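Single-structure report; data block below.
All values reported here derive from a predicted model rather than from experimental measurement.
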Amino acid sequence: MALTLRSSTSFINLKETKGLRTPDDLSPPSIFFPQTKQSCCRLRAKNSMQEAQLSPEKTEAWRTLGENVAEKLHAMSSPHSSSSSNDSSSRVPVFVMLPLDTVTHGGSLNKPRAMNASLMALKSAGVEGVMVDAWWGLVEKDGPLKYNWEGYAELVHMVHKHGLKLQVVMSFHQCGGNVGDSCNIPLPPWVLEETSKNPDLVYTDRSGRRNPEYISLGCDSMPVLRGRTPIQVYADYMRSFRDRFRDYLGDVIVEIQVGMGPCGELRYPSYPESNGAWRFPGIGEFQCYDKYMRASLEASAEAIGKRDWGRSGPHDSGQYNQFPEDTGFFRRDGTWNTEYGQFFLQWYSEKLLAHGDSILAAAKGVYKGTGAKLSGKIAGIHWHYGTRSHAAELTAGYYNTRHHDGYIPIAQMLNIHNVVLNFTCMEMKDREQPEHAKCSPEGLVQQVKAATRKARVELAGENALERYDSGGYAQVLATSRSDSGNGLCAFTYLRMNKKLFEGENWRHLVEFVKTMSEGGRNRRLSEFDSTASDLYVGFIEEKKIVQKQTKELAALA
């Protein structure tokens, strides 16, 4: 689907699928390869019952086997084993996102043996580290200020054991209802109790539909969560994480990505997929109709002597699934470019900027001196980018039009707090997008790169959709360079699952990681590479050995 939201599947219970499709069957073409029968590093016993019954001697044998295989694969695939000299200044470390259900609803690490084997394989490929969502709805679900970090502690120890690094997302949003959400993790029950008593705590559209994904920024400074403001609640959560993992921050936990909205992104929930409200490539709707947002709009209008402008949001902005030209507000010469339109869009986008500023200021205070970098994610809303109004960006809170750059103010705000700007759709090409949607992910990426360079803020990237083909990787390599705009300081691949470890897909990832470690210049990924490279031949030979040893050891169980 030609979106920028996180797509995922559990690497544990993945069903075989063909390809991602958009609701209107207009997804960009992807290349999928024949599947192998066995993963390269599937170092598990026959089932969990057998694992539990292994003797200490056999458990030690498993551990030794895994370490030996990791060493052999690492010698072949690690970017650091290359004899050529690398330009460390252009090296782009690659991280891999873990499944959304890495920690269970009970607060424990999901399938730790499978996770251990997967991390071992990623380390062998030369991956820098992994990314995990620290869900507010899991950690603080038992009540205010009652935190359970045990599942995450187990993961941190495992990541450390394998010599990997960790990016942790402070996920203050709901999981479920968006593209690729493979599980459902709502906001903490005690928070939902408050929203049921006061529905205006969540974002609301013009029709009165409530969105439970994230607390409305309109009440950021009000003590609406049992005596605390949302910003205070987020700060307390981050402080608890800091105190629990103080010894690992800056060393193992190298980055904290601060969630600032739906899907962890600094934006309004203007294009919700839940209940079929929106489908690609609709323009979305403004989310400013809870009582707190309405009060702010009214006050802003009165401050400039335009009281009528504060009565409501734009009346002619259309509905979720319309196109710009179907509306009075977003059409070529629409209301967006009038004095009123400029007032409203400035207010709407500045509220979002102020929200990000408040959360990041709190995060900066919490994590100062820990050595961990801070980052913030911005959504890559590339549909209708080719129109004058950029309607889909406007409803999400990015005041970006033909006449107004909406990304420089965001980059400048992040720079104030020394925060890395994390951006998506790095793998997308304009020619892959449906023509009627007026998409330009490449143009959008270039604009954001230019904005980060101007604001002197670091830029990191992600792919928006699952891609396993070398063509997708090649596009990431192209956008990661600093030939125009800003280069990437890191890249996080979406996402670890069963399919990633299949032979051809795994080979592409290994080659991609190696190329990124060499600045994307010393090696080149062909879009349709089917050659049997030395790396691949060695990988297949080692895979046969692993399979044989695994069968022999499993027979002893």
Exercise. Are K364 and N418 close enough that some pair of their side-chain heavy atoms sits under 4.5 Å apart?
Worked result: no
Exercise. Between H417 and D357, do the side chains contain an N or O donor and an N or O acceptor separated by less than 3.5 Å?
Worked result: yes
Problem set entry | Rounded distance [0.5 Å steps], OG in S118 versus NZ in K498 | 12.0 Å
Exercise. Between the main-chain N or O of K146 and the side-chain N or O of D142, is there a donor-acceptor pair closer than 3.5 Å?
Worked result: no
Exercise. For the side chain of T102 and the backbone of L98, is there at least one donor-acceptor N/O pair under 3.5 Å apart?
Worked result: no
Exercise. What do the steps show when you test Y289 against Y203 for ring pair (Phe, Tyr, Trp, His ring centres under 6.0 Å), and what is the final call?
Worked result: CA-CA 7 Å; Y289 294 90; Y203 287 115; over 10 Å; no
Problem set entry | Plane angle bin for Y248 and H157 - parallel if under 30°, tilted between 30 and 60°, otherwise perpendicular | tilted
Problem set entry | Polar side-chain atom of T479 near backbone of M426 as donor-acceptor pair, under 3.5 Å | yes
Exercise. Given the rule in the ring pair (Phe, Tyr, Trp, His ring centres under 6.0 Å) test, do Y268 and F286 qualify, once you have shown the distances and angles that lead to the verdict?
Worked result: CA-CA 8 Å; Y268 295 98; F286 292 114; 8.6 Å; no
Exercise. Between the main-chain N or O of A464 and the side-chain N or O of E427, is there a donor-acceptor pair closer than 3.5 Å?
Worked result: yes
Problem set entry | N-O pairing of R226 and E193 below 4.0 Å | yes
Problem set entry | Ionic contact status for E458 with K373, cut-off 4.0 Å | yes
Problem set entry | Reported SG-to-CG distance for the pair C219 and D290, which is rounded to 0.5 angstrom | 7.0 Å
Exercise. So do L100 and R495 actually touch side chain to side chain, heavy atoms under 4.5 Å?
Worked result: yes
Problem set entry | K514 with E511: basic N within carboxylate O range, under 4.0 Å | no
Exercise. Are E518 and R91 close enough, and set up right, to give a salt bridge (Lys or Arg N to Asp or Glu O under 4.0 Å), and what steps lead you there?
Worked result: CA-CA 6 Å; E518 296 169 347; R91 174 181 178 271; over 6 Å; no
Exercise. Is the W149 ring parallel, tilted or perpendicular to the Y147 ring (thresholds 30°, 60°)?
Worked result: parallel
Exercise. Are any of the side-chain heavy atoms of R210 and T195 separated by less than 4.5 Å?
Worked result: no
Problem set entry | Whether W278 and W383 hold their rings parallel, tilted or perpendicular, with breakpoints at 30° and 60° | tilted
For this session: Carefully, step by step, assess I231 and S221 under the rule side-chain contact (heavy atoms from CB on, under 4.5 Å).
Result: CA-CA 7 Å; I231 299 297; S221 59; over 6 Å; no
Problem set entry | Short side-chain donor-acceptor distance under 3.5 Å, K141 and N148 | no
Seminar exercise, completed: Test side-chain contact (heavy atoms from CB on, under 4.5 Å), reference D101, set N184, I185, N110, output is N110
Problem set entry | Close side-chain approach of M413 to L360, heavy-atom, < 4.5 Å | yes
For this session: Write down the atom of V224, the atom of P230, and the distance for their closest heavy-atom approach.
Result: CG2-CD, 4.1 Å
For this session: Answer yes or no: is there a donor N or O on one side and an acceptor on the other, between the side chain of T104 and the main chain of S108, under 3.5 Å?
Result: yes
Exercise. In this structure, are over 12 heavy atoms from other groups packed under 6.0 Å from K368 atom NZ?
Worked result: no
Seminar exercise, completed: When rounded to the nearest 0.5 Å, the distance separating CG of L345 from OH of Y348 is 9.5 Å
Problem set entry | Electrostatic pair E393-R267, nearest N-O below 4.0 angstrom | no
For this session: Decide yes or no for T395 and Q287: does some side-chain heavy atom of the first lie under 4.5 Å from some side-chain heavy atom of the second?
Result: no
Problem set entry | Criterion ring pair (Phe, Tyr, Trp, His ring centres under 6.0 Å) on F245 and F241, from CA distance to verdict | CA-CA 6 Å; F245 299 103; F241 179 85; 4.8 Å; yes
Problem set entry | Rounded distance (nearest 0.5 Å) linking atom CG of L119 with atom NE2 of H162 | 5.5 Å
Exercise. Can you name the nearest heavy-atom pair linking Y271 to A379, along with the distance?
Worked result: OH-CB, 3.8 Å
For this session: Indicate yes or no for a side-chain donor-acceptor contact from S240 to the backbone of D236 under 3.5 Å, with no hydrogens or angles considered.
Result: no
Exercise. Checking T424 side chain against G380 main chain: does a donor-acceptor pair fall under 3.5 Å?
Worked result: yes
Exercise. Do E140 and R228 meet the salt-bridge criterion of a basic N to acidic O distance under 4.0 Å?
Worked result: yes
For this session: Begin from the C-alpha positions of S171 and D133 and carry the test side-chain hydrogen bond (donor to acceptor under 3.5 Å, both in side chains) through to its verdict.
Result: CA-CA 6 Å; S171 297; D133 288 275; 2.7 Å; yes
Problem set entry | Donor + acceptor pair across side chains of N400, Q447 (<3.5 Å) | yes
Problem set entry | Sub-4.5 Å side-chain heavy-atom contact between S270 and E285 | no
Exercise. Under 6.0 Å between ring centres, would you say that holds for F172 and Y237?
Worked result: yes
For this session: Start with the C-alpha gap between W135 and H173, add the side-chain angles, then the distance that decides, and say whether ring pair (Phe, Tyr, Trp, His ring centres under 6.0 Å) holds.
Result: CA-CA 8 Å; W135 296 105; H173 60 285; 5.0 Å; yes
Exercise. With distance as the sole test, does N497 use its side chain to make a donor-acceptor pair with the main-chain N or O of L500 at under 3.5 Å?
Worked result: yes
For this session: Using modelled atom types only, decide if a donor and an acceptor are shared between the side chain of Y399 and the backbone of W347 within a distance under 3.5 Å.
Result: no
For this session: Using the six-membered ring wherever Trp is involved, compare the ring planes of F280 and H382 and label them parallel, tilted or perpendicular (cut-offs 30° and 60°).
Result: tilted
For this session: Take atom NE2 of H404 as the centre, draw a 6.0 Å sphere, and report whether it contains more than 12 heavy atoms from other residues, nucleotides or ligands.
Result: yes
For this session: Decide side-chain hydrogen bond (donor to acceptor under 3.5 Å, both in side chains) for E213 and Q174; before the verdict, give the C-alpha distance in whole Å, the side-chain angles of both, and the deciding distance to 0.1 Å.
Result: CA-CA 5 Å; E213 291 183 63; Q174 167 189 288; 5.6 Å; no
Problem set entry | H355 side chain vs K351 backbone, donor-acceptor pair below 3.5 Å | no
Exercise. In a check of ring pair (Phe, Tyr, Trp, His ring centres under 6.0 Å) between Y398 and each of F423, Y407, Y385, which one passes?
Worked result: Y407
Problem set entry | Validation row: L494, R467 side chains within 4.5 angstrom (heavy atoms) | no
Exercise. Taking the side chain as C-beta and beyond, is there a heavy-atom pair between M170 and M260 under 4.5 Å?
Worked result: no
For this session: May I ask you to decide whether R244 forms a salt bridge with E150, counting only side-chain N to carboxylate O separations under 4.0 Å?
Result: yes
